[in-house]
Each structure stands twice: as structure tokens, then as C-alpha cells.
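Heads up, the thing below is written out as C-alpha cells.
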Amino acid sequence: MASLSQFLLFFSFLFCLKNTFPVLGFQSNFALFPVAKDAATLQYVARISHGAPLGSTDLVVDLGGSFLWMDCNSGHVSSSYRLISSCSVNCSRAKFHDLGSTSCLLNTNCYVSPYNGVTGSTSVGELVEDVIAVDSVDPSDVGQSTTVDHFLFACAPTFHLQGLASGAKGMMGLGKASISLPSQLSSSIGHPQKFSVCLSSSTGVLLTGTRSLAYTPLITKQNDYLINVQSIKINGRRLAVHEQGKLEAKLSTVVPYTTMVSSVYAIFSKAYVEAATKMNMTRVETVAPFGLCFSSKGHCEMVKWRIQGRNSMVKVSEESMCLGFLDGGLEQSSPIVIGGLQMEDNLLEFDIGSSMLGFSSSLLLKETTCSSSLQDSKLKQFI
């Protein structure tokens, strides 16, 4: 039986990113939102403070969301939120990418289309503005708070919460749209138009104004963030997946595990099984939704980046572990969608202004995690 240390050697799902280079820029402060992973849905939930009086609302984090939306009726009730007119500059700003939605009628409210990234459904909601409070943190002084006035978001109907983690009252959109959370904080607080996520299996953080160690080109399509994948290797063997054409990989916080279009997954899974067989790994009965499962007997817990170790395998029982990569079907929009599990315990910075993705490599190798306190000196060196 192969030990997990040997297992790590034979499986290396590696994104070789083009034009990667070190960046040493550093912002003196940043805004912070705590993020927790919901055990039932595997969604990442951030908490935001808003309104008068200030109250907290939990929102599912969506990297590809256009803006922040919530159920304003069943969540925290604020006396300070104000409806936005359909003929206002802010309404035009919110609908900038909505072709055919630029007309307005006097004395009417501005309606937008909140998108539920979990269910893929869209509803109609009213655009409003209110006060939000964020933890504005200096690396030497954690815990200060800053108020942001006139923050724009949408009020969605209660039924639009379907599919979200229990207790979540909406979604926090982090896309490139002009009224997404990063865009509004950039214009109101004065931070560069960038944000970072540091996810974990328990608690993590969403940050603005951070630094990372290396950058690679970031592709934006509508509000989705993508990178180019140069190669996929298993046990040092480069897979012939690029014969399928250019491989773009979308990063998603609402997809729990990485998915691949069927043609790529077929090549990947076949090569994985061949490598596992050579390492005397024992296949066991699959557990939905996974396609490949192996015996975990004799394995110890080890972690290492390159999307492997804890970022690649899911423990489904005391005796079985399954590969956290799934067949995404024939019509998946991107050849690869990198899910939350593969991003955990890696500080990822999305620099929207310069279209670059920054990454720290695995914090686990530096003996810290995304769930560590910001007082942890090992984590603070990245922020």
C-alpha cells in the first residue's frame, strides 16, 4: 500500500502559469471581511455590517457576481437605506453592461437583475444604497472600523435565496462590474481596484489592498475571472489535453470541486488511474458526486501545494478518499472550473486594474493557514 507521501509524488495537477514574475508592491492597510465555510453546502459565507442601526448579514461569496444583493425583508432591517431612481447616474452605473436597459422613467425605481450563482437563476430586484461598515486594518493595528456611505446593492425577493447556505441572506458579488464590492471599496476608500481571498475548510478572510508573491495574467469575461492553463501533469507526465485547444480555467467560489469538460476529464482520469495502479493504490466503490475513489488505509495527513494533498482529495469515510475533480459534462462553458477546495489555504489576489492574478503558493508550506488569526506573524507577512 502506498503512503500518502508517495501519493503526493505521483499526482501533481499543475497549472504552469505563463509570464509569472515576483511583485513587491505593498499597501499599508486593507479592508477585511470574515469568511466561514458552510459544512452542508460547502459554500463560503462572508459577514457584512450595514444599515442604521448597524447589523450583520451573511452573504455567500461569488467571484463571478456583478454586485452585492440580499433579501432586505427577512434579513437585518435598516432605517437608512434609500431607493435609487431609474434616471439617476447610479442606476446607469449599475446597468452599464445591461444592453437595452438604459432607458428610464421619471419617479420610478431602478430595477436590476440579481444573479444567484449557485442555482444559475436571475430575479428582479430594486437598487438601493445604504451605509456599510468594514474593518479597515493596518498590519500593525488590527480592529479599526471604517464606514462607507452610499454603498449600492440590490434588494432581491426571498425566494431568490434558494440553494444558499442556511442563514445566508444573499450573495457578495466580487466581479469586475462597476458596483461590485471591490469596485465600490476602491472608489470610496481609495484602495487600488484589487481584492484577495484566503479560503479554508473552516474560516478565512476576504481582503482588499493586500500583496502576493507572484502574478500571472488574469482574464475577465463578463464578471468571471479566468487564467490560461499551460499544462496538466500527473507523475511528471504531461497530458495531451491541449490537443483539445486552448485551456482556460475559471476560478469559482460557488463550485466546491474543480470540474473539467468531459473530453479533458476523460484524459485526466485515465492517466490518473494508470498512475495510481503503478503505485499500488486500491480503487474502491465511488461515492457521488466523485468519479474516482481509493482506499485511504495506511495514509497519513500531509499537505502540499500544486493542487494536491489536502487540496485534491476528499475524505468520504474512514476507509475511502475520493479525487476532488469532477466531470463537468460536454457543455461546460470553460474547459476547467477551479473550485473552492483547490483554492483553500492559498492567498489569491485579483488585481482587476492591471488584469493580474497574484498568488502566495500554499500557506500550509509556511506553517500557517487561511484560518489563522491575522495576528499570526507568518500570515501577516503576506498582507
Side-chain angles (χ1 to χ4, degrees), residues 31 33 46-62 64-134 146-164 168-191 193 195 220 222-224 352:
F33 298 89
R47 177 161 293 178
I48 189 169
S49 298
H50 65 98
L54 275 177
S56 61
T57 297
D58 290 340
L59 304 168
V60 174
V61 177
D62 183 5
S66 301
F67 48 79
L68 188 154
W69 63 265
M70 68 177 74
D71 176 10
C72 300
N73 294 321
S74 65
H76 170 62
V77 178
S78 169
S79 63
S80 59
Y81 88 96
R82 185 176 71 87
L83 292 164
I84 300 299
S85 167
S86 67
C87 294
S88 67
V89 172
N90 279 333
C91 187
S92 298
R93 180 183 170 195
K95 294 186 173 184
F96 180 76
H97 296 289
D98 259 350
L99 298 178
S101 301
T102 56
S103 61
C104 72
L105 295 173
L106 292 175
N107 301 319
T108 60
N109 298 329
C110 180
Y111 288 93
V112 291
S113 302
Y115 176 70
N116 184 323
V118 175
T119 62
S121 61
T122 302
S123 67
V124 177
E126 293 177 309
L127 186 68
V128 302
E129 67 175 17
D130 205 345
V131 176
I132 69 167
V134 299
T146 297
T147 299
V148 177
D149 298 323
H150 311 296
F151 185 86
L152 297 170
F153 61 95
C155 288
T158 301
F159 69 79
H160 202 48
L161 300 177
Q162 182 178 359
L164 302 189
K169 298 301 180 181
M171 302 195 79
M172 178 185 285
L174 303 178
K176 195 178 181 180
S178 59
I179 65 166
S180 70
L181 178 75
S183 296
Q184 290 197 70
L185 290 185
S186 173
S187 60
S188 60
I189 297 180
H191 286 168
Q193 197 172 0
F195 68 94
T220 55
Q222 295 181 330
N223 284 296
D224 290 323
I352 303 171

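The closest side-chain heavy-atom distance from Trp69 to Met172 is not below 4.5 Å. Taking the side chain as every heavy atom from C-beta outward, Phe33 and Leu181 approach each other to under 4.5 Å. Residues Leu127 and Tyr111 are not in side-chain contact: their nearest non-hydrogen atoms beyond the backbone lie 4.5 Å or more apart.
A salt bridge does not link Asp71 to Lys169: none of the charged side-chain nitrogens sits closer than 4.0 Å to a carboxylate oxygen.
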Determine whether Ser121 and Asn116 satisfy the following criterion, side chain to side chain donor-acceptor pair (under 3.5 Å), listing intermediate values before the conclusion.
CA-CA 5 Å; Ser121 61; Asn116 184 323; 4.6 Å; no
Any chance you could lay out the side-chain contact (heavy atoms from CB on, under 4.5 Å) test for Met70 and Leu68, step after step, and finish with the verdict?
CA-CA 7 Å; Met70 68 177 74; Leu68 188 154; 3.5 Å; yes
For side-chain contact (heavy atoms from CB on, under 4.5 Å), just list the numbers for Asp130 and Phe151, CA-CA rounded to whole Å, side-chain angles, deciding distance to a tenth of an Å, and then say yes or no.
CA-CA 5 Å; Asp130 205 345; Phe151 185 86; 6.0 Å; no
Test Leu174 against Ser180 for side-chain contact (heavy atoms from CB on, under 4.5 Å), laying out the working first.
CA-CA 6 Å; Leu174 303 178; Ser180 70; 6.0 Å; no
Audit row: Gln184, Arg93, side-chain contact (heavy atoms from CB on, under 4.5 Å) steps and yes/no
CA-CA 11 Å; Gln184 290 197 70; Arg93 180 183 170 195; 3.9 Å; yes
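The neighbour count for Asp149 CG, taken as heavy atoms of other residues, nucleotides or ligands under 6.0 Å away, is above 12.
Annotation: the span from Leu83 atom CG to Ser88 atom OG amounts to 11.0 Å, rounded to 0.5 Å. In this structure, Asn109 CG and Glu126 CD are separated by 5.0 Å, a value rounded to the nearest 0.5 Å. Rounding to the nearest 0.5 Å places CD1 of Ile352 at 8.0 Å from OG of Ser186. For the atom pair Ile132 CD1 and Ile48 CD1, the distance stands at 4.5 Å (nearest 0.5 Å). Taking OH from Tyr115 and CD from Gln222, the interatomic distance works out to 9.5 Å, rounded to the nearest 0.5 Å. Atom-to-atom distance recorded for Leu152:CG and Ile179:CD1 is 5.5 Å, nearest 0.5 angstrom.
When every heavy atom of Ser74 is checked against every heavy atom of Leu161, the shortest pair comes out as OG-CD1, 4.3 Å. Considering all non-hydrogen atoms of both residues, Ser86 and Thr108 come closest at OG-OG1, 2.6 Å. Summarising the geometry of Val77 relative to Asn73, their closest heavy-atom pair is CG2-O, 4.4 Å, with the distance given to 0.1 Å. The two residues Cys91 and Ser85 come nearest to each other via the heavy atoms CB-O, 3.3 Å. When all heavy atoms of Tyr81 and Cys155 are compared, the closest pair comes out as CE1-SG, 4.4 Å. Looking at every heavy atom in both residues, Val112 comes nearest to Ala94 through CG1-CB, 4.1 Å.
A side-chain donor from one of Thr57 and His50 sits under 3.5 Å from a side-chain acceptor of the other. Side-chain contact of Ser178 with Ser183: a donor-acceptor pair under 3.5 Å is absent, judged by distance alone. A side-chain N or O of Asn223 and one of Ser66 form a donor-acceptor pair less than 3.5 Å apart.
In this structure Glu129 satisfies the side chain to side chain donor-acceptor pair (under 3.5 Å) test together with Arg82, His150, sequence neighbours excluded.
For the pair Ser56 (side chain) and Arg47 (backbone), a donor-acceptor distance under 3.5 Å is absent.
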